[in-house]
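One structure below.
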Amino acid sequence: MCFSYTQIVFNIPRGTRDFTPEDMQKRRYLEKSMSDTFNSFGYGEVQTPMFENLDLFTAKSGEGIIDEIYSFPDKGGRNLALRPELTAPVMRFYVEKMQMEPKPLKLFYFGNCFRYDRPQKGRYREFMQAGCELIGTNTPEAQAELIAMAYKLLENAGLKTITLSIGNLNILSVLFEKLGLSKENQKYLTPLIDKSQFEDVYDALVDFNVKPKDATAFLEILQSSDVEKISEYLKDNEIVKKELNDLKIITGLLENAFDVKDYEIKMSIVRGLDYYNGLVFEIEAPCLGAEKQLCGGGAYDLIELFGGRESPTSGFAIGFDRTLIALETEGYKFTIPQLDAYLISVNEDVLEKTLEIAQMLRKQKITTDVDLLRRGIGKSLKYASSINAKKAIIVGPKELEQDSVTIKNMETGDQEIVKIKDIVSKIK
Ligand code: HAM
């Protein structure tokens with residue numbers, strides 16, 4: 001007989017990843033650390049669907065965003081999209097079901113996001129965000145607490161070196177207006193400013209008929225972190241006065257109340273998303289190289305667009321995957337939990353008793369695994385050592401006659417015979 005078949009090899013889709021048990025232990029560690037920090041600031045967790053109606057994302061950003069996301073018609077002809085982020089979904093949720101909740105409303109989330117990005121280290125097509133939305137207040141103390149929480153989320157997770165930059169889009173708008181730039185020209189400049197391509201910004205400004213002297217002054221302000229200097233340059237503008245005053249309160253609170261002293265004022269922060277309208281901030285991990293932005297956020301407007309009653313909103317999202325890469329790059333020592341006990345039956349006659357003892361240990365919250373391959377003591381001990389088990393428990397007929405088992409300490413190699421009723425106290 002002759003068989004002919006084609007072997008199909010399935011590859012993981014571009015820009016996505018599989019996670020091993022060890023990866024997942026690190027991810028669960030980070031998730032736990034972050035949710036503890038969110039909870040400590042009085043935030044409550046929410047969850048929204050992985051896919052939404054496409055128009056939720058085009059409503060603010062326009063059809064152009066379709067090129068950057070995963071969208072598709074379902075079998076009923078509805079246009080859907082895998083969420084590229086969670087701010088619009090959480091605002092949709094708020095307007096639909098939570099408007100009557102007491103304010104301020106503090107919501108946090110973990111969620112996979114999907115973007116049709118060009119994959120590279122730290123940039124994926126499926127990635128996870130840990131983020132939050134604060135609804136109902138935009139006082140300087142609310143904004144200071146928000147920024148401080150972003151900082152603490154990363155610091156509490158174990159990151160040593162992060163840089164915080166704070167900007168303001170209302171001030172940037174006034175700067176643009178001062179130069180008499182059209183909306184179209186502002187749109188052209190925004191990505192250049194975002195990427196700090198200041199020479200290109202200068203050339204473009206001159207092309208837009210801005211006097212070289214004014215272009216130079218504009219660029220100086222854009223790159224200055226001196227609030228007094230910005231204030232002096234835009235001194236006649238009421239919006240700027242209020243924003244700079246708030247900024248002073250925010251930075252004062254960051255330093256004195258939250259012990260966040262390392263930050264930079266940076267009017268060149270523009271943020272990639274269209275819904276921001278005032279304070280904006282970003283946190284980077286310099287150790288990451290090209291994709292170093294860990295966190296981005298600020299004040300924004302979406303509620304009214306989604307049919308809700310006006311209320312101030314702000315929030316941020318942290319790139320969960322990048323945070324893990326940053327922790328690994330900085331050499332953070334993740335504690336990988338060790339299996340407490342690995343049980344080995346000497347022969348088939350004691351198998352049932354071995355499984356019974358394993359169950360008794362699990363009930364006492366002792367992490368326990370059992371040899372399921374009947375591979376004998378020598379090979380089983382080797383396996384127990386390879387999975388880094390703390391103790392091996394050998395169950396044999398002779399010891400069982402005395403209601404006992406043998407416990408081997410896998411670190412020291414010491415062995416002792418222990419009564420079954422005493423195993424728990426011996427292991428704990
Ligand atoms: P975003 O800056 O687009 O903001 O994303 C937040 C973070 O997600 C980024 O700083 C980055 O760490 C991570 N991230 C973005 N794209 C990728 C990717 N392709 N692969 C891996 N990580 C990525 C937002 O999404 C806003 N919704 C944040 C927000 C919440 N603003 C107000 N509330």
Side-chain angles (χ1 to χ4, degrees), residues 13-17 27 30 34 38 43 46 48 52 56-57 60-61 65 68-70 81-94 105-135 138 142-143 146-147 149-151 153-154 157 159 162-167 169 191 194-195 269-303 306 312-327:
R14 197 163 135 75
T16 65
R17 286 146 308 141
R27 295 177 78 81
L30 185 57
M34 288 185 162
F38 278 127
Y43 277 70
V46 289
T48 63
E52 295 275 355
L56 182 74
F57 302 110
K60 186 80 188 181
S61 308
I65 199 176
E68 295 164 33
I69 65 180
Y70 284 85
L82 297 182
R83 62 183 177 205
E85 55 105 42
L86 280 98
T87 305
V90 171
M91 284 302 115
R92 190 246 333 119
F93 180 20
Y94 167 76
L105 199 54
K106 292 175 147 185
L107 308 172
F108 82 93
Y109 49 78
F110 292 96
N112 285 11
C113 301
F114 306 84
R115 294 186 189 178
Y116 201 69
D117 262 333
R118 184 185 289 271
Q120 64 185 75
K121 189 171 180 198
R123 197 198 301 165
Y124 311 102
R125 289 185 170 172
E126 182 189 21
F127 61 98
M128 186 158 141
Q129 280 188 349
C132 68
E133 311 302 338
L134 173 63
I135 307 163
N138 61 1
Q143 304 202 311
L146 186 78
I147 299 174
M149 183 169 72
Y151 199 90
L153 278 158
L154 297 166
L159 275 177
I162 49 179
T163 59
L164 164 66
S165 311
I166 306 170
L169 295 185
D194 191 26
K195 291 189 202 106
I269 297 181
V270 292
R271 307 286 301 127
L273 297 151
D274 293 315
Y275 45 62
Y276 293 102
N277 64 5
L279 175 94
V280 281
F281 63 95
E282 291 178 348
I283 302 178
E284 293 183 345
C287 70
L288 287 188
E291 299 302 321
K292 63 183 173 197
Q293 196 191 110
L294 290 184
C295 172
Y300 60 88
D301 255 339
L302 277 177
I303 290 186
F306 292 172
T313 40
S314 48
F316 63 80
I318 291 178
F320 189 86
D321 309 270
R322 286 185 194 174
T323 306
L324 271 171
I325 302 176
L327 282 168

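In this text the structure is predicted, and so the values were computed from the model without any measurement. All residue numbers in this chain count up from 1 along the given sequence. One-based numbering, in listed order, for ligands and for the atoms of each.
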Requested in this report: Determine, for Tyr116 and Arg125, whether the Lys NZ or Arg CZ falls below 6.0 Å from the six-membered ring centre while staying within 45 degrees of the axis.
Outcome: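 Yes; both conditions hold, so Arg125 lies above the ring face of Tyr116.
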
Query - Ion pair Arg115/Glu85, N-O distance below 4.0 Å - result: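 A salt bridge is absent here (no side-chain N lies under 4.0 Å from a carboxylate O).
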
Query raised in the report: Between Asp321 and Arg27, is there a side-chain N and carboxylate O pair less than 4.0 Å apart?
Result: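 Here Asp321 pairs with Arg27 in a salt bridge, since their nearest N and O are under 4.0 Å apart.
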
Query raised in the report: Would you say Thr313's side chain and Ile135's backbone share a donor-acceptor pair under 3.5 angstrom?
Result: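 Flag not set: sc Thr313 to bb Ile135 has no pair under 3.5 Å.
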
Query raised in the report: Counting distance only, does the side-chain N/O of Arg17 pair as donor-acceptor with the main-chain N or O of Glu126 below 3.5 Å?
Result: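 Confirmed, Arg17 side chain pairs with Glu126 backbone.
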
**Report entry** Residues in contact with ligand 1, criterion: heavy atom under 4.0 Å
**Finding:**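 Residues within 4.0 Å of ligand 1: Glu85, Thr87, Tyr109, Arg115, Asp117, Gly122, Arg123, Tyr124, Phe127, Gln129, Cys132, Glu133, Arg271, Leu273, Tyr275, Tyr276, Gln293, Leu294, Cys295, Gly296, Gly297, Tyr300, Gly315, Phe316, Ala317, Gly319, Arg322.
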
Report task. Please find out if less than 6.0 Å separates the ring center of Tyr43 from that of Phe108. Result ->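 No, ring centres 6.0 Å or more apart.
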
